[in-house]
Amino acid sequence: MEAKYGLLVLTFYVAIFTGAKCDIYTSIQKITALAEMEDKLFKEFEVFLQKSDTKGEIVPDTVIRFYNERKTDGHLDKCLDMAHPVRAFYIQHRVYNEWGAMIEDLKANKTIALQPTVAGFLHKYKSVMTSLGFWPALGDVAGAADNILRLWNVFDLNVKDIIDGEIASTMSRPLKKNEIEFITGTAKNLEMVYYHLSLLSELYNRTQDEAEKENYRKRLNKEYYLIKTRTSSTLLAPTLAYTDFQRFQAHNLVIKEATRSSISQDDINSFFAPPNTFMKLCRGPAKSKIVESKLRCYLRKTAIPIYMAKEEVVNYTPRISLFHDVISNDDIRQLKKAGTKKLTHSRTGGGYVTRLRVSQTGWVYDQAIPQVSRRLARRIANIVNLDTTFRSKASPVEPWQVLSYTTGGYYGEHIDPDIGDEFLWNMTEAVQGPRALWRKHTGQRIATWMFYLSDVEAGGATVFPKLEARVPVVKGAAAFWYNLTPSGKIDRRTQHAGCPVILGSKWVCNKWIHEVSQEFKRPCGKTVASEDFYEDEYMPPY
């Protein structure tokens with residue numbers, strides 16, 4: 001089993017970093033379409049087996065065994081809702097591994113493969129793959145396993161619940177042994193030591209077969225020994241007893257400590273890392289009760305006297321706000337519809353596909369949905385008093401960035417401005433040349449406006465670790481903050497992250513606002529340390 005998954009991480013990373021088509025695990029739409037297609041394919045498979053039996057055609061025992069296991073799976077979990085991380089994983093695992101192995105068994109013997117009914121089903125299988133337009137690769141299965149491990153890590157889930165298929169009190173079918181083995185291999189290759197050993201320990205505790213139990217005990221002992229010796233500085237350099245007796249004793253002590261006949265839960269827990277601020281914020285609010293008690297909600301004045309914006313202040317300095325009821329369901333539907341057509345695997349600011357960002361991104365130009373764009377741009381401008389009109393040259397805003405997060409999807413800690421050059425006005429034409437006309441000479445991203453286009457069942461909050469601030473996902477609301485201080489410097493206090501989605505899917509839409517055209521709308525600060533000023537009526541009473 002170890003050999004089978006030994007190349008998992010290499011294949012996973014090669015797939016991810018070479019831009020291979022391993023993006024099903026990041027797309028709730030593709031996972032759902034795959035699950036529905038697999039369900040239809042299994043019905044075709046049942047018909048195929050009935051016909052082959054009637055005609056007396058030979059079918060390998062492994063194929064019959066696959067049929068029985070798949071039928072049992074269907075009884076245990078008939079739901080096709082891919083908003084559950086365990087279900088999303090095992091669907092991709094089953095299609096890639098089990099369906100793939102079954103098809104190979106049918107093809108292995110030419111005499112069997114050439115039988116009319118078998119040949120007809122193989123042709124049907126191929127046509128289904130073609131019509132769907134995508135099929136899971138090993139990188140997709142590894143990515144789905146990584147999503148489960150990320151949820152476990154960030155939200156401190158219970159390993160027994162995960163294996164039993166229970167996440168946030170929502171059930172799917174339990175994971176099978178080969179599926180647990182796959183996640184165990186992923187944890188090992190990603191060097192998630194605590195999670196790797198915990199899964200091995202759970203496999204050891206659950207099996208009733210004595211031979212299997214002994215095999216897992218040996219694997220657990222071996223992995224523990226390798227980890228302890230690999231991470232010990234005492235073993236990094238050779239020692240000689242007659243020249244360094246103390247070091248020799250320390251060397252022997254490490255070996256003795258690493259060599260165990262049995263591994264206890266305390267031994268495994270020694271590798272557990274305490275949660276950082278990002279994880280704590282994802283789990284819930286981190287501000288003290290005194291600080292939280294000073295946060296307020298307001299009816300904020302806008303450029304239109306009769307329109308007051310519903311502002312919930314999440315943090316005062318720098319100010320981070322959540323504006324409620326700022327986008328209608330119809331506008332949400334049109335943004336999602338336009339964005340869905342453009343969705344691809346999200347990339348970081350450097351243009352890379354990494355584990356730091358697990359989502360799908362679609363860029364929608366304002367002219368693609370002109371009426372919606374004009375309406376929303378005016379609303380943003382009225383609330384925050386910034387120029388938000390998209391222009392073909394030196395535009396003060398970027399196109400709409402629609403983002404879709406499936407279960408386990410997230411974005412690690414980052415800042416929104418370009419970090420290569422804080423003051424972009426001095427960039428030469430040679431540097432600006434490759435950029436589109438609308439992007440040239442626009443300055444930094446001065447502010448971020450982020451619409452929430454959906455609710456989520458659990459998880460998905462936007463968090464600011466340096467400020468201990470947390471913005472929950474509220475459909476129809478929008479978060480707003482300045483990325484630059486009034487002096488024009490990048491405000492690194494606004495470093496933020498999107499927490500993993502536990503259940504459901506999360507949709508957001510960013511409208512990034514640039515410095516150009518904002519000179520008289522957001523005046524520069526008098527000093528480098530200047531902060532934005534808000535009228536007293538919007539500040540908390542003291």
Side-chain angles (χ1 to χ4, degrees), residues 1-6 8-9 12 85-86 89-90 93 142 144-168 174-236 250-280 282-283 355 408 500 502:
M1 188 62 71
E2 283 185 281
K4 181 177 180 180
Y5 298 120
L8 174 62
V9 71
F12 178 52
V86 172
F89 164 73
Y90 76 63
H93 182 275
D146 187 22
N147 285 348
I148 292 176
L149 291 168
R150 183 180 302 110
L151 292 173
W152 181 4
N153 177 33
V154 173
F155 296 100
D156 194 25
L157 303 180
N158 185 290
V159 62
K160 292 181 173 61
D161 290 342
I162 294 172
I163 291 175
D164 290 337
E166 181 179 355
I167 303 287
L175 290 169
K176 297 186 291 188
K177 188 180 75 172
N178 64 331
E179 294 165 345
I180 302 170
E181 284 277 12
F182 192 97
I183 299 173
T184 304
T186 306
K188 176 183 178 180
N189 291 322
L190 294 175
E191 297 186 355
M192 300 176 74
V193 176
Y194 168 76
Y195 306 94
H196 172 214
L197 296 181
S198 295
L199 286 165
L200 276 179
S201 177
E202 197 62 26
L203 283 165
Y204 169 81
N205 292 330
R206 288 181 179 241
T207 185
Q208 302 300 318
D209 185 276
E210 288 302 320
E212 257 190 5
K213 211 171 188 67
E214 179 63 15
N215 177 51
Y216 284 127
R217 186 188 68 79
K218 288 180 178 178
R219 281 179 61 187
L220 192 55
N221 293 350
K222 178 184 176 183
E223 294 299 336
Y224 182 82
Y225 176 85
L226 291 173
I227 292 162
K228 291 292 284 188
T229 54
R230 186 179 70 238
T231 56
S232 173
S233 59
T234 307
L235 303 183
L236 293 179
H251 178 281
N252 287 342
L253 188 63
V254 171
I255 297 296
K256 183 179 178 181
E257 170 66 21
T259 307
R260 301 286 187 89
S261 58
S262 63
I263 306 302
S264 68
Q265 188 59 47
D266 287 339
D267 294 326
I268 295 172
N269 290 343
S270 67
F271 296 103
F272 181 78
N276 55 28
T277 307
F278 161 69
M279 295 177 185
K280 290 177 182 177
C282 286
R283 297 173 190 179
R355 292 179 65 239
I502 303 177

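Side-chain N or O atoms of D267 include none that pairs as donor or acceptor with a backbone N or O of I263 at under 3.5 Å. Looking only at distances, a side-chain donor or acceptor of S198 sits under 3.5 Å from a matching main-chain atom of Y194.
Considering only heavy atoms from C-beta on, S201 stays 4.5 Å or farther from Y216 through its side chain. Side-chain contact between V154 and F278 is present, with heavy atoms from C-beta onward closer than 4.5 Å. Residues P174 and I163 are not in side-chain contact: their nearest non-hydrogen atoms beyond the backbone lie 4.5 Å or more apart. A 4.5 Å side-chain heavy-atom check between L197 and V193 finds at least one atom pair inside the cut-off. At a threshold of 4.5 Å between non-hydrogen side-chain atoms, the residues T184 and K188 do not count as touching. Within the 4.5 Å cutoff, the side chain of F89 has no heavy atoms near those of the N147 side chain. In this structure the side chain of F182 never reaches within 4.5 angstrom of the side chain of Y90, judged on heavy atoms. Proximity of M279 to N276: side-chain heavy atoms (C-beta onward) are separated by under 4.5 Å at one or more points.
The CG atom of N215 sits 12.5 Å away from the CD atom of E210 when rounded to the nearest 0.5 Å. One distance of note links OH of Y224 with OG of S264; it measures 7.5 Å at 0.5 Å rounding. To the nearest 0.5 Å, atom CG of residue L200 and atom CD1 of residue I268 are 8.0 Å apart. Here the CD atom belonging to E191 is positioned 9.5 Å from the CD1 atom belonging to I227, to the nearest 0.5 angstrom.
A salt bridge links E181 and R219; the closest N-O separation between the charged side-chain nitrogens and carboxylate oxygens is under 4.0 Å. Between D209 and K213 no salt bridge is recorded (no basic side-chain N to carboxylate O distance below 4.0 Å). Using a 4.0 Å cut-off between a side-chain N of Lys or Arg and a carboxylate O of Asp or Glu, R217 and E214 qualify as a salt bridge. Under a 4.0 Å N-O distance rule, the pair K177/E212 qualifies as a salt bridge.
In terms of heavy atoms, P85 sits closest to I148 at O-CD1, 3.8 Å. Taking each heavy atom of T186 and A142 in turn, the nearest pair found is CG2-O, 3.9 Å. The two residues R150 and G408 come nearest to each other via the heavy atoms NH1-O, 2.8 Å. Closest approach of C282 to P500, counting heavy atoms only: SG-CD, 4.2 Å. Contact between R283 and N153 at its shortest, heavy atoms only, is NH2-O, 3.4 Å.
Taking the side chain to side chain donor-acceptor pair (under 3.5 Å) definition, one finds that E202 meets it with R206, sequence neighbours left out.
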task = Assess whether side chain to side chain contact (heavy atoms under 4.5 Å, CB included) is satisfied between L151 and I162, documenting all intermediate values.
result = CA-CA 10 Å; L151 292 173; I162 294 172; over 6 Å; no

request  = Could you go through the side chain to side chain contact (heavy atoms under 4.5 Å, CB included) check for E166 and V86 one step at a time?
outcome  = CA-CA 8 Å; E166 181 179 355; V86 172; over 6 Å; no

